[in-house]
Amino acid sequence: MPIYGSDSYEKAPAGGGGMGANYRGSRSSYVPPHIRNRPQSVDPPAVPNSYAGAALGNDRQGYGATGGGFHNVGPRNDRNFGGGGGRGGGGWNNTNRNNGWDRGREREANPFQDDDVDVEPGIGSHENTGINFDAYEDIPVETSGKNVPPPVNTFADIDLGDALNLNIKRCKYVKPTPVQRYTIPISIAGRDLMACAQTGSGKTAAFCFPIISGILKSSEYAQRQRVPRMAFPLALILSPTRELSIQIHEEAKKFAYQTGVRVVVAYGGAPINLQLRDLERGVDILVATPGRLVDLLERARVSLQMIKYLALDEADRMLDMGFEPQIRKIVEQMDMPRPGVRQTMLFSATFPKEIQRLAADFLSDYVFLAVGRVGSSTDLIVQRVEYVLETDKRSHLMDLLHAQIANGVHGKHTLTLVFVETKKGADSLEHWLCVNGFPATAIHGDRTQQEREYALRSFKSGITPILVATDVAARGLDIPHVAHVVNFDLPNDIDDYVHRIGRTGRAGKSGLATAFFNENNSSLARPLADLMQEANQEVPAWLSRFAARSFHGKNRRGGSSGGKFGGRDFRRDASFNRGGGTDFYGGVQINNGYGSSGGYGGGYGSNVTSAWD
DNA sequence: AAAAAAT
């Protein structure tokens with residue numbers, strides 16, 4: 001099915017200068033165990049003696065451990081137990097060990113009860129349970145790298161621990177999705193990972209399960225240093241939009257429920273004080289957008305020196321021109337442990353070669369994983385392209401919406417997501433739709449965070465079943481019941497198109513994607529036609545003519561990705577290996593998602609390879 | 001040229 005990608009990433013080198021200069025001054029000299037004896041270690045912060053034993057906020061309730069082996073670390077202050085240190089100490093998979101938690105004043109909310117409160121029960125209340133596992137059956141999976149750990153077939157194949165297993169049951173996950181089958185053992189084995197996988201394929205769980213499990217098993221978990229007003233997360237998950245961070249946080253809280261592992265989210269546009277308070281109460285997994293995290297780091301309210309796990313969601317976006325300097329600052333210029341010391345996992349549905357090259361800086365001896373699209377054999381998303389002049393777009397959209405109503409395809413749980421190019425365009429289209437009797441709302445980066453979150457809720461709940469959005473909503477958001485994605489304005493980059501239409505046809509369900517195409521989109525004709533063809537979609541003759549006319553230098557399909565996958569390991573490229581060692585890349589395996597390699601015989605690999613090259 | 005991300 002579809003080929004995702006383009007050669008169009010011609011990004012300028014990242015600036016990134018002038019950062020992190022004033023951070024070091026405020027550091028102290030404590031050396032955590034995992035970076036001791038390192039050749040070029042950063043000046044690690046000490047716990048000032050005057051603070052030793054002070055009431056520190058970064059504590060965890062109901063968790064044992066003597067802070068042995070840590071100089072300069074005073075006795076723990078278990079605020080909720082009136083000073084009893086060294087509690088518990090039970091097995092890491094003992095769900096009862098945080099009984100104390102519930103006795104404290106910060107009772108952990110049950111994330112499984114107040115889900116989607118404004119959605120009718122039975123439809124939206126378990127958005128993660130509607131996964132159509134049959135659609136996963138024959139998904140092709142490709143791995144490359146040295147000594148790739150084999151996939152598992154069930155969650156029970158890996159001992160994630162009782163608490164985590166219980167949450168897996170609560171989520172009603174029966175068996176792991178392909179990305180989970182491969183990612184979890186790779187991650188448990190401690191390997192770095194670059195994974196191409198569609199969001200909505202269980203990606204968040206794929207990196208959360210090993211992180212939570214690893215944290216529970218680690219000694220750092222119990223032996224945390226205390227510095228006042230400074231949080232020391234063990235895992236960091238970065239995402240490119242606030243709403244995506246919120247979503248990841250909500251999911252991660254389910255997975256971490258009653259494990260004692262604390263998940264905190266930090267993003268811009270919201271009061272920082274609440275986030276600071278959450279951080280002070282203790283954080284193991286920090287989910288954040290880059291800007292706010294940099295702010296927290298500069299205020300010295302967060303230290304990354306204890307990070308054992310780093311996950312970048314939508315990693316190709318995180319490393320594009322707009323984000324790369326911030327990401328480099330966070331990952332390379334603060335106090336985060338180096339690659340090889342920490343474990344790094346990068347995820348995206350698309351992974352252009354140029355971005356892979358940048359990403360390699362953050363990784364150590366990593367495994368590359370490409371999971372074919374859910375429904376790659378059944379074409380769950382029907383893609384249509386219509387020729388519509390700029391001036392006709394509104395009336396054409398109106399026709400589509402009327403047709404949906406006529407077909408009975410409308411209502412609370414048939415949502416339509418309309419992508420436009422600009423924030424102004426989003427505002428005016430929303431207004432026009434409302435004036436014309438279509439309940440619509442809009443989301444874009446010029447709205448307040450409150451407005452953005454309200455718009456998303458209103459859309460998800462079906463109060464306004466039409467959402468007009470800029471690319472802020474293009475990636476990662478898991479919105480059940482999006483039946484139709486309209487590309488009112490097409491993006492310039494085919495990868496963005498792929499992410500946008502991925503908002504429908506989620507979790508193995510079918511969906512429709514309609515694009516309005518005209519002369520302004522000429523540069524997209526070729527990649528769009530190619531992509532549709534490989535997705536077995538009907539390509540209009542006029543689009544093929546546009547494609548034939550277009551220049552082939554840019555946006556030509558090629559090295560960045562291809563075939564049934566969202567990407568291909570760039571280490572396999574001849575150009576990459578030409579100058580250097582050849583041992584870096586360790587071989588490829590192509591398998592079906594389940595069972596052995598039936599269905600995609602030998603010819604498959606070579607075909608795809610030639611298409612990629 | 002636009003979008004996102006800190007205040």
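So you know, we letter chains A, B, ... as the sequences are listed, proteins then strands, and number each from 1.
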May I have the distance from F419(A) (atom CZ) to dA4(B) (atom P), rounded to whole angstrom?
12 Å
Do other residues, nucleotides or ligands put more than 12 heavy atoms under 6.0 Å from Q533(A) CD?
no
Test: K393(A) cationic atom under 6.0 Å from F488(A) six-membered ring centre, within 45° of axis
yes
Considering just the side-chain nitrogens and oxygens of T241(A), establish if one lies under 4.0 Å of OP1 or OP2 belonging to dA5(B).
no
Looking at N492(A) and dA1(B), is any side-chain donor or acceptor paired with a base atom of the opposite kind under 3.5 Å?
yes
Quick one: D493(A) CG to dA1(B) P, roughly how many Å, whole number?
17 Å
Within 45° of the axis and under 6.0 Å from the centre of the six-membered ring of Y497(A), does NZ or CZ of R500(A) qualify?
no
Choosing from dA5(B), dA2(B), dA6(B), which nucleotide comes nearest the side chain of E421(A)?
dA2(B)
Please report the distance, rounded to the nearest Å, between CZ in R317(A) and C1' in dA5(B).
12 Å
Quick one: label G268(A) by what it contacts on the DNA or RNA (base, sugar-phosphate, nothing), any heavy atom closer than 4.0 Å.
sugar-phosphate
Separation of dA4(B) C1' from D313(A) CG (nearest whole Å):
15 Å
How long is the line joining CD of E314(A) and C1' of dA5(B), in whole Å?
15 Å
Once you round it to whole Å, what is the distance between C1' of dA2(B) and CG of D427(A)?
14 Å
R299(A) side chain near dA6(B) phosphate (N/O to OP1/OP2, under 4.0 Å)
no
So does R447(A) get a side-chain nitrogen or oxygen closer than 4.0 Å to the phosphate oxygens (OP1/OP2) of dA4(B)?
no
D295(A) near the nucleic acid: base, sugar-phosphate alone, or nothing, with a heavy-atom cut-off under 4.0 Å?
base
Closest to the side chain of T470(A), out of dA3(B), dA6(B), dA5(B), is dA3(B)
Closest to the Y267(A) side chain: dA6(B), dA3(B), dA1(B)?
dA6(B)
What is the distance, rounded to the nearest whole Å, between atom CG of L319(A) and atom P of dA4(B)?
19 Å
Under 4.0 Å between a side-chain N/O of K424(A) and OP1 or OP2 of dA2(B), yes or no?
no
Could you tell me how far apart I237(A) (CD1) and dA5(B) (P) are, to the nearest whole angstrom?
18 Å
For E519(A), side-chain hydrogen bond (donor to acceptor under 3.5 Å, both in side chains) partners two or more places apart
Y387(A)
Kindly point out which of dA2(B), dA6(B), dA4(B) is positioned nearest to the side chain of T422(A)?
dA2(B)
Of all residues at least two apart in sequence or in a different chain, which pass the side-chain hydrogen bond (donor to acceptor under 3.5 Å, both in side chains) check with S522(A)?
none
